[in-house]
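This report concerns only the one structure given below.
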2 protein chains.
Amino acid sequence: MAEPDSRRVTLEDVARVAGVSSQTVSRVVNDHPYVSDDTRRRVQDAIRKLGYRPNRAARSLATQRSCMLGIVTYGIDHYGPAQMVTNVEQTAKARGYGVTLSTIQTLTPAEVCAAIDALGGSVVDGLVLITPVVGLRTADVMALCGDIPFVQIDTNLGAKLPSVVIDQHYGSRLATQHLLDLGHRRLCEISGPLYWHGALARHRSWIETLDAAGLEPGPHVEGDWTAASGYHAARQLLAQRASFTALVVGNDQMALGAIRALREHGLRVPQDVSVVGFDDIPEAAYFEPPLTTVRQNFAALGEQSVEYLVALIDNRNTPIHQRVLYPQLIVRQSTCPPCE
Amino acid sequence: MAEPDSRRVTLEDVARVAGVSSQTVSRVVNDHPYVSDDTRRRVQDAIRKLGYRPNRAARSLATQRSCMLGIVTYGIDHYGPAQMVTNVEQTAKARGYGVTLSTIQTLTPAEVCAAIDALGGSVVDGLVLITPVVGLRTADVMALCGDIPFVQIDTNLGAKLPSVVIDQHYGSRLATQHLLDLGHRRLCEISGPLYWHGALARHRSWIETLDAAGLEPGPHVEGDWTAASGYHAARQLLAQRASFTALVVGNDQMALGAIRALREHGLRVPQDVSVVGFDDIPEAAYFEPPLTTVRQNFAALGEQSVEYLVALIDNRNTPIHQRVLYPQLIVRQSTCPPCE
DNA sequence: TGCTATGATGTTAGCGCTAGCAATTGACGA
DNA sequence: TCGTCAATTGCTAGCGCTAACATCATAGCA
């Protein structure tokens, strides 16, 4: 068993026990060549015996790198961010990086800046920014990150910073076009908060797609991603006597709330109103009715952003670009042709 | 603007610009007394001008503390853990601690140990272990954590380690008793994986409560927390021609899947079968029908564990105990008296 | 035999920061 | 006048580790 000393075990302690210099121990720990098998074994024995664990702070200080990535994200109690964080962490671990978290509650540029700052002060080799808020200035982000490499996830399409995004324009067109193809002509929308890139892009694309089809967009209400807000948004639409046969909803949770409101109002889904969601959360297939939705590959988002970030860390000259992923329409029973 | 030097800005640089010693700058940065207002202002100006940010690694090395907590948790794509991680992070931030994450995929004791080890090697002042798996030996945990203070969340009730738990026994009794009070006599259960403390506790309490009422428990199927598994579990119960009027389900997502299976089988909820879930996820109130469920206060769990952990860090002699939280039954439309 | 190449180790000098003490100044009471 | 004290600042020595160089065998070759 490890000696339960009050002081932590250091390289020096191991060196003394193994009868070598601390430098040699360091070489063994870091898998350097030029250590004889015999010495290596003696050192490893000593390490095990003493329960030695390298001190990361000291190593960071000496090497100028920490093997830590920082993640700045809005509350991970949402499905999307939780997925991304999980995948970022997993991918990072596979590449030898740990992960430090800094979450933000209200998605204002100021709070985002504070969160980045909190991590920037710490030792991280790179930053993953899951900050889907509109109004975050490119210059601000660059200034805050300083010379720390970073990758943005879920920012606006076309941003001139290292980023990985899902084409929400495309996704929203998929959803709206699907409804148009079914024959719907009167559509309403419940969007996410429009200060989110994704929500805004989906909203705009909804209008554009209708426009291209020569249709007038019906009323639009803004929710906050929760089922509760979807419920209230739908009630609001119904209260203002909007007449529609199809509803595009900004995410699956809000769609759930909307469906409940519709049903309480005596409307059947999909016979009276077709509903499309976004994300394809694992529960969507078990909604009543199972939800047609636009699937986002959050896993790929997390993985690719880490890959890109690690490339940036290893080689500062990695070209800056934006990688774009495309969502996929999953058709289930919540959509059908309008019955009139 | 900050001088975009290749080297990072150090205390020394600030000291030079401000015309003081590096020690004085350190005092300003750390809010020590005995710095004149004039000097303080000059130093702060220099800090701003140079864009100085203290190097955490160096500070950790010098002070022997990192102001970092480690979180070991199973995949945060589940609702409960995501909630806990969020709240741990928030509370930690409020107390001046950052948070480092280490997630585990398969909840085996071996993987848990690996995750703890990964963090233990890093510099953290304390560990939050969200490791609800049965079979994790107390001795192993203590050995791995070494002299790093830790708090376990969601471990077994009665564990002799610092921990904060929700009394799942109590919660399960609430759910089952609610159904008994409504007049149900034939109950089935879909539980979570029984190698999870919570799932096991709920399962046992389900049996005990029925026992106390002189009733034989109906069939029980184990799911994996997902809606899909709930769906398949319910189909399995129906396939074996189990006759029941009420169903206790290990979490809300599985309840959603189960309800869908029941409906597909021509059974109405709650008229034919009452269903109770666990957790009270934000969507539960919008299920069809709105779900009766046992609410877990994950936020409190996260907060209290950090408070406890910080107390342990500040004072190693803080008494070891287990704090117990109690869940709450939320009655909605998915339960009603059996109609026969 | 000398002379280089190379493997295997030790020595030294920091990385950026802070604790602890020393030094300096001015104010105040004895 | 001197000693004492508090306020303010600087100096020095590490924290535990690694990069870079220095050292010293030993082997291989002319």
Side-chain angles (χ1 to χ4, degrees), chain A residues 5-44 46-47 50-68 120-125 146-148, chain B residues 5-44 46-47 50-68 120-125 146-148:
Chain A
D5 204 327
S6 64
R7 230 180 63 278
R8 287 200 50 170
V9 183
T10 76
L11 267 192
E12 214 68 47
D13 299 327
V14 177
R16 205 171 310 115
V17 170
V20 295
S21 78
S22 63
Q23 179 56 216
T24 300
V25 179
S26 170
R27 287 197 184 94
V28 171
V29 170
N30 294 294
D31 268 331
H32 280 200
Y34 302 150
V35 179
S36 70
D37 288 350
D38 179 54
T39 307
R40 185 182 303 276
R41 212 168 303 115
R42 275 212 325 284
V43 170
Q44 281 165 342
I47 287 176
L50 297 176
Y52 168 75
R53 284 216 195 106
N55 179 324
R56 281 223 199 200
R59 180 180 288 173
S60 299
L61 192 55
T63 59
Q64 308 281 47
R65 46 205 314 278
S66 61
C67 286
M68 276 283 165
S122 125
V123 240
V124 292
D125 295 339
D147 56 353
I148 304 173
Chain B
D5 204 327
S6 65
R7 229 180 64 276
R8 286 200 50 172
V9 183
T10 76
L11 266 193
E12 212 69 47
D13 299 326
V14 177
R16 206 172 308 116
V17 169
V20 296
S21 78
S22 64
Q23 178 56 211
T24 299
V25 178
S26 170
R27 288 197 184 96
V28 171
V29 171
N30 295 294
D31 268 332
H32 280 198
Y34 302 150
V35 178
S36 70
D37 288 350
D38 179 55
T39 307
R40 186 181 302 274
R41 214 170 300 115
R42 274 213 326 283
V43 170
Q44 280 165 342
I47 287 177
L50 298 176
Y52 168 74
R53 282 216 199 107
N55 180 322
R56 281 222 199 202
R59 180 180 288 173
S60 299
L61 191 56
T63 59
Q64 308 282 47
R65 48 205 314 274
S66 61
C67 287
M68 276 282 166
S122 125
V123 240
V124 291
D125 296 339
D147 57 353
I148 304 174

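We name chains A, B, ... by the order of the sequence lines, and we start the count at 1 in each one.
Evaluation of the side-chain hydrogen bond (donor to acceptor under 3.5 Å, both in side chains) rule for A/Ser26 yields A/Asn30 as partners, not counting sequence neighbours. The side chain to side chain contact (heavy atoms under 4.5 Å, CB included) search around A/Val17 returns A/Ala46, A/Lys49, A/Leu50, not counting sequence neighbours. Contacts of A/Asp38 classified as salt bridge (charged side-chain N to carboxylate O under 4.0 Å, His left out), with partners at least two apart in sequence or in another chain: A/Arg42. Every residue was checked against the side-chain hydrogen bond (donor to acceptor under 3.5 Å, both in side chains) condition with A/Ser60, not counting sequence neighbours, and none meets it. Residues satisfying the side chain to side chain contact (heavy atoms under 4.5 Å, CB included) test with B/Ala58, not counting sequence neighbours, are A/Leu61, B/Asn55. With sequence neighbours excluded, no residue forms a side-chain hydrogen bond (donor to acceptor under 3.5 Å, both in side chains) with A/Arg27. With sequence neighbours excluded, the residues forming a side-chain hydrogen bond (donor to acceptor under 3.5 Å, both in side chains) with B/Ser36 are B/Thr39, listed by chain and number. For B/Glu12, the side chain to side chain contact (heavy atoms under 4.5 Å, CB included) test picks out B/Thr10, B/Arg16, B/Ser22, with sequence neighbours left out.
Of the residues in residues 33-41 of chain A, A/Tyr34, A/Val35, A/Ser36, A/Thr39 come within less than 4.0 Å of DNA chain C through at least one heavy atom, sorted by number.
Rounding to the nearest 0.5 angstrom, the gap separating the CD atom in A/Gln64 from the CZ atom in A/Arg59 is 14.5 Å. The structure places CE of B/Met68 at 11.5 Å from CZ of A/Arg56, a figure rounded to the nearest 0.5 Å.
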Contacts under 3.5 Å, N or O only, protein and nucleotides 17-21 of chain C:
residue : atom : partner : partner atom : Å
C/dC17  : OP1  : B/Tyr52 : OH           : 2.4
C/dC17  : OP1  : B/Asn55 : N            : 3.2
C/dC17  : OP2  : B/Leu11 : N            : 2.5
C/dT18  : OP1  : B/Asn30 : OD1          : 3.3
C/dT18  : OP1  : B/Asn30 : ND2          : 2.8
C/dT18  : OP1  : B/Arg59 : NE           : 2.9
C/dT18  : OP1  : B/Arg59 : NH2          : 3.4
C/dT18  : OP2  : B/Ser26 : OG           : 2.6
C/dA19  : N6   : B/Gln23 : NE2          : 2.9

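OP1 and OP2 of C/dT11 both lie 4.0 Å or more from every side-chain N or O belonging to A/Ser21.
Distance, B/Arg65 CZ to C/dG16 P: 23 Å, rounded to whole Å.
Ranked by how close their nearest DNA chain D nucleotide is to the 5' end, B/Gln64 and B/Val20 are led by B/Val20.
Taking the C1' atoms of five terminal pairs at each end of the helix from C/dT1-D/dA30 to C/dA30-D/dT1, the two resulting helix axes are inclined by 60°, rounded to 10°.
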